[in-house]
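Working notes, structure below.
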Amino acid sequence: MTSETVIIGGGVIGLAIAIELKLRGTSVTVLCRDFQAAATHAAAGMLAPDAENIPNGAMRSLCWRSRALYPDWTRKLEELTGLNTSYWPCGILAPVFEEAGGQGVGKPRVREENSLSSPAYWLDKEVIHQYQSGLGAEVVGGWWYPEDAQVDNKALAHVLWTAAESVGVELKDGITVEAFLQQQGQVVGVQTNAGVIRAAHYVLASGAWSNELLPLPLRPRKGQMLSVRIPEFVPELPLKRILFGQDIYIVPRRDRLIIGATSEDVGFIPENTPEGIQTLLQAAIRLYPQLKHYPIQEFWWGFRPATPDELPILGISHCQNLTLATGHYRNGILLAPVTAALIADLILEQKSDHLLADFHYSRFQSKSSTSTPMLTNSANFSNGHRPVISPQHPPLPTQDSPLIIAGKTFQSRLMTGTGKYRSIEEMQQSIAASDCQIVTVAVRRVQTKAAGHEGLAEALDWTKIWMLPNTAGCQTAEEAIRVARLGREMAKLLGQEDNHFVKLEVIPDLKYLLPDPIGTLQAAEQLVKEGFAVLPYINADPMLAKRLEDVGCATVMPLASPIGSGQGLKTTANIQIIIENAGVPVVVDAGIGSPSEAAQAMELGADALLINSAIALSPNPAAMARAMNLATVAGRLAYLAGRMPIKDYASPSSPLTGTITS
């Protein structure tokens with residue numbers, strides 16, 4: 001049986017998985033942001049698990065296994081395309097330098113006892129200089145790793161793309177995936193710059209960009225590189241093997257030498273720098289001095305996807321139809337064939353190799369912290385600060401998935417606001433008591449320092465709370481768009497550089513504060529085009545909700561009753577229709593006045609609630625905030641558990657059979 005699979009990421013990992021799945025009979029689509037920007041193009045193509053001296057045993061085994069697959073894998077790709085990957089089992093030489101003071105470093109690496117399957121040989125000074133002429137005078141010996149190899153990474157990228165086309169993979173370049181659409185522990189689609197794309201299964205393989213979609217602990221690590229041309233006065237290729245030195249490597253190609261690479265934790269800052277290139281050249285010339293005479297050919301850079309332990313994230317995710325294949329850091333090229341095989345086995349045969357357990361995302365999960373909430377896949381009905389279910393009780397069989405909005409994960413399903421409180425202190429206490437993770441802030445009131453909003457930016461810890469700027473007070477679409485842009489900048493100033501959320505309110509009606517459906521739709525269309533995650537406040541209109549979802553909104557937020565009225569759920573029937581038809585989270589917003597009403601809204605199947613007035617206007621806001629949290633949790637749990645059927649007649653709780661009669 002074939003299954004339709006969408007792979008997010010068109011680098012070496014994504015394409016390798018796509019080809020493997022397609023060859024096993026599955027229809028596959030690859031969504032690629034920019035094929036030329038993939039880290040594949042910026043690598044050196046080393047297949048170097050031995051030279052890298054990888055300390056982690058599972059990672060070393062994974063790399064060895066993948067290196068062993070390389071000859072057959074590249075041969076298969078070449079047969080599919082008629083193109084050359086330039087796979088070259090050239091071996092790697094790792095010279096070491098004389099220490100300061102004149103004492104040689106000796107044999108710096110102790111080989112593991114199980115490394116017999118991957119031999120290494122120590123060469124003393126005389127032998128290494130005979131084996132490779134031209135090494136720097138400071139080289140006192142080195143290791144020879146005969147089974148390490150290389151492939152031309154740019155050639156491989158081209159071959160993979162061509163092979164994918166030839167076997168029938170649908171390749172879509174220039175497609176930016178903006179968010180996963182999730183419901184009840186399943187991905188139901190991906191929101192892209194070209195609209196919503198749906199499939200039965202999804203694979204996240206977008207490298208350094210992966211945590212724009214899921215809160216994985218993954219950062220870009222910039223690497224600068226350059227190449228020098230082998231001059232005409234050199235009669236033949238001067239290096240026959242890779243030189244792997246201290247913080248430098250030199251990779252020979254047929255007509256040039258590749259020199260790399262820096263490792264810089266600078267985010268997505270592009271371009272080469274004088275310092276980076278100078279560092280590389282100095283280290284390379286020390287290792288192989290004649291390079292100083294070679295003409296520079298090209299500079300480039302790329303972004304490696306690095307996890308805290310520098311190991312990849314592979315296998316199942318919090319959604320059963322979403323598989324992770326990212327975070328390969330320095331070894332993406334090397335691990336492509338084994339990753340493709342393991343992921344294909346997992347998706348098509350539900351066969352999980354024992355090695356995958358070592359690369360599961362849960363290894364980053366802290367038992368006492370919620371700093372990586374995506375990494376929890378259990379019945380999380382609060383955000384973890386105050387467990388509702390006592391740890392002494394057995395775990396509940398009901399499984400819940402986190403709330404995910406525009407690719408960002410939240411454990412709490414209660415959002416609160418900052419308005420109408422009698423003091424900043426009451427607001428702070430209430431937000432803490434609510435255990436909420438999203439707090440909405442009226443941009444205009446903060447900008448104008450309106451009463452009650454002075455010092456708001458400093459009053460909350462924005463490293464723990466996600467700001468939801470809102471366009472309250474805007475009467476037209478044009479006003480709302482301008483204020484949304486201000487809100488994004490405000491979030492950046494408070495340290496949330498990647499915050500593109502906006503709660504969209506367009507309200508010309510000053511008496512009943514009912515939103516303008518036409519203006520809301522117009523503003524949403526423009527803000528989505530500008531990259532915002534739009535959370536629109538609307539009347540409980542199912543048709544409008546669907547239109548807003550279709551234009552790319554991250555949620556829909558139907559009102560229960562007019563803002564601040566405390567009338568409770570007056571739009572139940574329409575909200576139920578919206579929930580039934582929605583492919584994005586549904587957040588019930590406005591009108592909730594009591595915890596019982598909050599629980600009722602969640603029992604309908606709402607994904608979250610936004611409650612402000614009912615908390616802020618209570619005589620005891622902090623206590624009410626806690627009550628709303630518990631009601632939200634209870635309502636969600638009741639919805640997941642399922643209500644008993646309603647009957648027209650009575651049914652005794654105790655059985656009538658077996659009773660004692662006189």
Side-chain angles (χ1 to χ4, degrees), residues 9 11-14 16-17 20 39 43 46-73 92 94 109-120 143 145 147-149 151 203-208 210-211 214 216-219 221 244 263 304-318 322-367 372 374-377:
V12 64
I13 297 296
I17 294 170
E20 186 68 23
M46 288 191 300
L47 313 176
D50 293 332
E52 292 271 9
N53 202 33
I54 295 169
N56 181 279
M59 181 65 168
R60 195 164 56 244
S61 296
L62 189 71
C63 290
W64 279 342
R65 189 190 298 186
S66 199
R67 185 184 62 188
L69 293 174
Y70 241 90
D72 289 339
W73 185 65
I92 292 181
R109 303 181 183 192
V110 177
R111 303 298 294 169
E112 300 287 343
E113 60 180 16
N114 64 354
S115 67
L116 295 175
S117 61
S118 189
W143 286 98
Y145 303 109
E147 295 189 6
D148 279 351
V151 66
V203 178
L204 179 61
S206 54
S210 294
N211 74 348
L214 293 177
L216 297 166
L218 191 152
R219 290 179 57 82
R221 195 75 60 81
F244 194 98
S263 181
R304 307 182 189 97
T307 60
D309 58 11
E310 299 184 353
L311 304 181
I313 299 172
L314 302 173
I316 60 172
S317 73
H318 64 295
L322 171 63
T323 301
L324 306 177
T326 189
H328 290 75
Y329 188 39
R330 296 168 59 95
N331 292 293
I333 301 287
L334 169 61
L335 291 175
V338 76
T339 300
L342 293 178
I343 297 301
D345 285 346
L346 185 62
I347 293 172
L348 299 180
E349 302 175 29
Q350 289 74 55
K351 175 184 172 185
S352 182
D353 191 281
H354 69 92
L355 274 178
L356 286 179
D358 293 281
F359 306 105
H360 192 259
Y361 69 80
S362 62
R363 71 184 187 271
F364 300 111
Q365 183 178 341
S366 169
K367 294 180 181 178
T372 52
M374 178 266 174
L375 306 179
T376 302
N377 187 20

Side-chain donor/acceptor of [X] to backbone N/O of [Y], under 3.5 Å:
X	Y	value
Arg304	Ala208	no
Gln350	Ile347	yes
Ser66	Leu62	no
Asp345	Lys351	no

Side-chain contact test, heavy atoms from C-beta onward, threshold under 4.5 Å: evaluate it for [X] versus [Y] and give yes or no.
X	Y	answer
Pro217	Thr307	no
Pro49	Arg60	no
His328	Leu334	no
Leu324	His360	no
Met46	Asp148	no
Asp50	Trp64	yes

Review point. Hey, which of Ile54, Asp309, Asp358, Leu355 is the one that makes side-chain contact (heavy atoms from CB on, under 4.5 Å) with Met59?
Key: Ile54

Point to revise | Listed partners of Asn56 passing side chain to side chain donor-acceptor pair (under 3.5 Å), at least two apart | key: none

Exercise for review: Only counting residues at least two apart or in another chain, list the ones meeting side chain to side chain donor-acceptor pair (under 3.5 Å) with Asp353.
Suggested key: Arg65

**Study point:** Thr326 and Tyr361: side chain donor to acceptor below 3.5 Å
**Key:** no

Check your understanding: Parallel under 30°, tilted from 30 to 60°, perpendicular over 60°: which one fits the rings of Trp73 and Tyr70?
Key -> perpendicular

Exercise for review: Could you list all the salt bridge (charged side-chain N to carboxylate O under 4.0 Å, His left out) pairs where at least one residue sits in residues 331-341, not counting sequence neighbours?
Suggested key: none

Practice item. Mind checking the OG1-CD1 spacing from Thr339 to Ile17? Nearest 0.5 Å is all I need. Key: 6.5 Å

